[in-house]
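Okay, so here's the structure we're looking at.
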Amino acid sequence: MSLFEMLKKEKILLDGAMGSILISKGMKMEDVPELWNIKRKEDIIQIHQDYIDAGADLVLTNTFGGSPMKLSEKGLENIAEIISSAVYNARKASEIVVGDIGPTGKFLAPMGKITEEELFVTFQLQAKYLIDAGVDVILIETMYDLREALAAVNAVRSLNIQIPVMATMTFDKKKRGFFTIMGDKPEKCYEELEKAGADIVGANCTLDSDDMLELAKISRTLTSLPLLFQANAGQPEMLDGKVHYAQTPDHYAKNMISILEYADIIGGCCGTTPAHIRKIREMMK
Amino acid sequence: MDLIDELRQAMIDIDEDTVDELLPRCIEKYAANDIIEKGLALGIREVGRLFEEGEYFLPELMLGAEIMKSSMNILDPILAESNISVNNTQVVIGTVQGDIHDIGKTLVSSMLTASGYTVHDLGSDTPADSFIDKLKETSSQFLCLSALLTTTMSGQREIIERVRKEGLNVKILVGGAPVNQRWADEIEADGYADNAVQAVRLIDSMVNQ
């Protein structure tokens, strides 16, 4: 079944965080998470499987930082192999696989020196590798600069392949409302992402589930596209030398269920675990 | 409106062309320290306030700091000639080892420079030794440590321990997305700032203590 066919029938639940679980499985700060798709294949498949067992409808590939720009900086050249392994691992657990594309971490002017053309080229290659390896959906997420998000959507669409594209921005809550760190409002983001060819828009990261619920409510009035939200389970804090996120599965799931009144797809971002996804699934029933 | 008032307003409006046009005219008419204190510095402080209020965003703050820096490059030699004492507080800043994130640190660095501090920016992924060496070499009074990842925050603790062990007389400030006051207290930093504007304010207040 395709994503659009699923959407006609029901609300969709994505998986939760990958990075924080990799860290709990011993990933070091100098490790490249995407390399685990090859070196720690069984662990990655297990994480995907844990999310499916918890009730996720589909999973995201472990390719958030998998842009050629980012990976080649780490001295990696086998980018196609890394990405196809990631898709293989996700496919082992899930019938529908979402190819994940995160930001490059570089900044456009005036903050940095990267150009939109360079971003387009790297995203085009990442999207091509993901699609060649058989992903069913592309998710462009955690975008803090609308221009970078648009470069990514344009890059996927330039491949001329019919594939659902979801694009989510990262917003901060300010006195005057929700804005990206660059100052773009949700309405502008949704409108321009739609124009570029995104089928589903929304937000992920930074906001916890309380704030994300507020954003979801507002967002429903701003676009007619299906909406996707993935909230953080609070903000990361160090407790006894360990990273801790404050929102419990119960609290988080309650908010995410409320978000479903306004959204079509939900999932977990930083700090969420299979326990969070399981709780949401229980409450969706 | 006075020329200096116009200059201040152009700074607040992040209007680079007008600042460039007004600055030479101000220099003909006013003392350099007045141009800074009544014009540019007040302007950049207002830019910072607007950023904190959520009226301005990263690009405005960054551009504002850049305009300030290029204006100061023109004014510094004049200040030096006229023997006016300038802010001689020095700051060493960098993102800790293992963390390549640059932008928050660069903003703090730019805003400090714009506020008249001499800043030694060691970039990102900076080993503890480099911080120590630079502090010794420059006798800087402040050290700012940035970490964006929960996995690299502990690097801040290690560097603070090293600096204390070396017996260096330096105030240490920490910042970065996962960092908060509680973490700063736990690792015994001298201060924490949530953003670049607050970082400047914090150092200002510590200098004036």
Side-chain angles (χ1 to χ4, degrees), chain A residues 17 19-20 22-24 26-33 65 69-70 73-74 103-114 142 144-147 170-185 205-206 232 234-246 270-271, chain B residues 14 16 49-67 69-70 95-107 109-110 124-125 127 147-158 174 176-187 192 194-196:
Chain A
S20 36
L22 293 180
I23 291 166
S24 72
M27 188 178 74
K28 300 277 179 296
M29 66 185 186
E30 61 272 18
D31 289 347
V32 181
M69 190 184 282
K70 242 182 153 170
E73 248 176 27
K74 309 263 182 185
T104 59
K106 304 282 179 205
F107 284 82
L108 290 156
M111 314 298 297
K113 292 190 173 72
I114 202 89
T142 325
Y144 43 79
D145 189 334
L146 177 59
R147 295 170 297 170
T170 297
F171 296 102
D172 280 328
K173 190 179 169 187
K174 298 280 184 185
K175 280 183 195 162
R176 288 192 298 130
F178 293 94
F179 292 88
T180 65
I181 56 170
M182 299 300 172
D184 289 317
K185 291 178 173 184
C205 211
T206 298
N232 281 6
Q235 304 308 324
E237 287 204 66
M238 290 298 261
L239 278 183
D240 304 323
K242 280 201 172 138
V243 182
H244 174 80
Y245 289 82
C270 305
Chain B
I14 325 278
E16 191 172 7
R49 191 190 68 81
L50 290 167
F51 172 77
E52 286 199 300
E53 288 290 312
E55 296 289 329
Y56 277 178
F57 294 89
L58 280 188
E60 288 86 3
L61 192 61
M62 193 71 186
L63 279 174
E66 290 299 319
I67 296 172
K69 266 201 268 185
S70 57
T95 307
V96 302
Q97 189 159 30
D99 200 326
I100 55 155
H101 295 91
D102 215 31
I103 200 75
K105 182 270 306 157
T106 303
L107 260 175
S109 169
S110 299
S124 59
D125 196 10
L148 195 97
L149 304 174
T150 50
T151 47
T152 55
M153 288 165 75
S154 54
Q156 293 178 329
R157 186 204 301 266
E158 286 160 31
V174 292
V179 177
N180 55 23
Q181 186 63 52
R182 201 181 334 167
W183 171 250
D185 293 342
E186 189 186 321
I187 63 174
Y192 153 77
D194 184 56
N195 61 53

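Since the model is a prediction, treat every value here as computed from it, not as a measurement. Side chains included, hydrogens not; waters and symmetry mates left out as well; all remaining heavy atoms used. Chain identifiers are assigned alphabetically (A, B, ...) following the order of the sequence lines, protein sequences preceding nucleic acid strands; residue numbering begins at 1 within each chain.
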Report summary line: dist A:Met111:CE -> B:Leu63:CG (nearest 0.5 Å) comes out at 8.5 Å
**Report entry** Heavy-atom proximity to chain A below 4.5 Å, by part of B:Arg182
**Finding:** side chain
Query - Qualifying residues under salt bridge (Lys or Arg N to Asp or Glu O under 4.0 Å), relative to B:Glu158, sequence neighbours excluded - result: none
Report summary line: For residues 173-182 of chain A against chain B, heavy atoms under 4.5 Å, the residues are A:Lys174, A:Lys175, A:Arg176, A:Phe179, A:Thr180, A:Ile181, A:Met182
**Report entry** Per-residue contact mode, B:Glu53 against chain A (heavy atom under 4.5 angstrom)
**Finding:** both
Query raised in the report: Distance from A:Phe107 atom CZ to B:Leu58 atom CG, nearest 0.5 Å?
Result: 7.0 Å
